[in-house]
Amino acid sequence: MKWTKMLIQTLRDDPQDAEIDSHKLLVRASLVKKLSGGLYTFLPLGLRTFRKVENIIREELDRAGALEVVMPILQPAELWKQSGRWEAMGPNMFKLRDRAEKPYALGPTAEEEVTDLVKSIVSSYRQLPVTVYQFQWKFRDEIRPRFGLMRSKEFMMKDAYSFDVSMEAADASYKAMYDAYVRIFARCGLKAYPVEADTGDIGGKFSHEFHVLADAGEDGIAFCPCCGYAANLEKAERKVAAVAGDPCPAYEEVHTPNAKTIDQVSAFMGVPGSAFVKSLIYSADGEPVMVCVPGDRDVNEVKLKHFLEAGKLELADYEMVLAASGANAGSVGPVKPAKAGLRIVADMSLKGATGRIVGANKDDYHLKNVDMARDTTIAEADYADLVIAQAGDICPRCGKPMDLKRGIEVGHVFKLGTKYTDAFKAVYKNDQLQESVMVMGCYGIGVSRTVQAVIEQSHDRDGIIWPAGVAPFQVVIDLLDPADESVAKVALELESALESAGVDVLVDDRADRPGVKFKDADLIGFPVRVVVGAKGLANGGVEVKRRDQDKSHMKIVPVAEAVAAIKALLA
RNA sequence: CGGAGCGUAGCGCAGUCUGGUAGCGCGUUUGGUUCGGGACCAAAAGGCCGAGGGUUCAAAUCCCUCCGCUCCGACCA
């Protein structure tokens, strides 16, 4: 392929609307072009990488025995109503109607569709297990699209779904996908780590996310450097040492005018935030619940939701706070709240805590010298791990302190159980003609996001450094003297020789000066650069260099040996 | 949805406060000189100044409305 025949528009300046390196480089290297917020066109170069990532995924899933299908993007609303997610997905889902007013969704995912599909084909245990997958554009009405392809309204996802006869059999399907994911990300040149995760809106039993570590990542991850425990902060557990609370005198009121937040009261009283108990009123399925956590920690709503087994959990509104506590937000506390029998739950680090400061359930007042056991009615069983893990928290597995990292979620595997197969009555018959519900798993990879994650993880000041497996072209030939027929001939012959050897190559045949070509080659980041020029040929051949090595590694090789030398650099 | 910032040539920006012929750099086209890490000279093309309304003799500039983009936040007491 010749550069002058491609549609490439590299940019010297960073685009005005990009914040992170990978987003800037996607645009500057002419891989994508923005149409509108959260909507991108893949340009020829970007699409080549995109297809390579797709093919790696396809090969590994095929190898794992999965079957490719393509299901409609436009999904009838009735499917979503059957699973209850027409409501549950809320405004995250694009909804539309046809001319007959029949409602549809633009698929944000396809559990409903695939369950309906498999149910209609599979009726016997002999047909199981089966795993199907597709590459399909997904649509989500994101609150805030950002960072280019990282979080967009429309994105390419590989989604796979397994169906098994039992929980145990489903574990094997899960394991097969997990292993395939490890291979896929390795082949993409990515360091992706599996981390334990919450199952979120999709629901299910357990799951792992695959994360690429990057400061620009949107997710917090707790990492144990000692034993390798890794979990999304939404889920990350922690161990808490028992509190040896010294006895304290009876509690008493303190007037704290105009001090609402922990920071304000802490400053007012001259006591650190950790001495406080922060108390929040949540509405759990419409019922008020008070949640107490140390003043310097934040509630983990995901953990709380699981602990309370609540369907819908949100912070209580103003009226509910007043009715439950007797005071407004800012003065809420666990000692004698207004509502008799109000359920109070607390973080386990508060068990046995004494001498704490809490809201007095009376506006502008706090209580000091509170002994959680003596002064509150919190049940033994209502102490649980309810806060977001922090760096330094104790690993639940090995007892050593954990680190905090940030990650880009590129893949996710779920063991779903029977949530959807129950809803759709997806059953099979066993050899006794007895019917059972199939057990399901689902497995996603964000293809467009993975492309960007590779860039985020592999670039330098000059541009992208593509891993050879996913580069738009593996080799760029910088033809420095395109007007010189004898030099051009060498470049073109090398191009066909490389193509015959299965190496894809782009010849920069522009009439520009060398510096322009070198800069663009570095920006786009072809793994190997070959310079063909009159000067080099006079010195004995063509010059080859890997993108990830500097000029000192450049080698002059005779034209006849060039293909072998280039293949060696790509290996 | 709340807050902030920004919309001027393909891209990056100045001009807006203080109204008076729409500019700069990169890119593009043509000619010439150059030619191994983003060359130089000359000439040229390219803009409904986000859209609509208002004020004014006159609006990119002042006022109003809307639209789009980016960032922060979305109830942690």
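The chains referred to below are lettered A, B, ... by the order of the sequence lines, with proteins before strands, and numbering in each begins at 1.
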What nucleotide, of [options], holds the atom closest to the side chain of [X]?
| X | options | value |
| --- | --- | --- |
| A:R513 | B:C35, B:A74, B:G10 | B:C35 |
| A:Q16 | B:G38, B:G12, B:C71 | B:G12 |
| A:V516 | B:A39, B:C1, B:G37 | B:A39 |
| A:S36 | B:C75, B:A39, B:C69 | B:C69 |
| A:K34 | B:U34, B:C69, B:G73 | B:C69 |
| A:I143 | B:A74, B:C13, B:G37 | B:A74 |
| A:E19 | B:U70, B:C11, B:C72 | B:U70 |
| A:L315 | B:G37, B:C75, B:C71 | B:C75 |

Inset, instruction - To the nearest Å, give me how far apart CG (A:L537) and C1' (B:C35) are. - result: 16 Å

Legend entry - Nearest-angstrom distance from the residue atom CD1 of A:I388 to P of B:C76: 12 Å

Inset, instruction - Mind running a 4.0 Å heavy-atom check of residues 325-343 of chain A against RNA chain B and sending the residues that fall below it, in number order? - result: A:A329, A:G330

Inset, instruction - Can you sort out which residues in residues 269-298 of chain A have a heavy atom within less than 4.0 Å of RNA chain B? Ascending by number, please. - result: A:K278, A:S279, A:L280, A:I281, A:D298

Does OP1 or OP2 of [N] have a side-chain N or O of [X] closer than 4.0 Å?
| X | N | answer |
| --- | --- | --- |
| A:R28 | B:G12 | no |
| A:K33 | B:G10 | no |
| A:R144 | B:C71 | yes |

Heavy atoms under 4.0 Å, any strand shown: does [X] hit a base, just sugar-phosphate, or nothing?
| X | answer |
| --- | --- |
| A:V321 | base |
| A:G37 | sugar-phosphate |
| A:G359 | nothing |
| A:D481 | nothing |
| A:I262 | sugar-phosphate |
| A:E301 | base |

Base-pairing assignment for [N] (Watson-Crick or G-U wobble, both under 3.5 Å):
| N | result |
| --- | --- |
| B:U70 | B:A4 |
| B:G52 | B:C64 |
| B:U28 | B:A44 |

Legend entry - Reference residue A:N300; test side-chain contact (heavy atoms from CB on, under 4.5 Å); the match among A:V302, A:L304, A:D298: A:V302

Inset, instruction - For B:U16 and B:U21, measure between their P atoms and round to the nearest Å. - result: 13 Å

Inset, instruction - For B:G15 versus B:C62, give the span between their C1' atoms, rounded off to a whole number of Å. - result: 16 Å

Legend entry - Donor + acceptor pair across side chains of A:Q9, A:S30 (<3.5 Å): no

Inset, instruction - Scan side-chain atoms only and decide if A:N92 and A:D141 contain a donor-acceptor pair under the 3.5 Å cut-off. - result: no

Legend entry - Minimum side-chain heavy-atom gap A:L308-A:V289 below 4.5 Å: yes

Which atom pairs link the protein and nucleotides 24-30 of chain B when you take only N or O atoms and keep those under 3.5 Å?
none

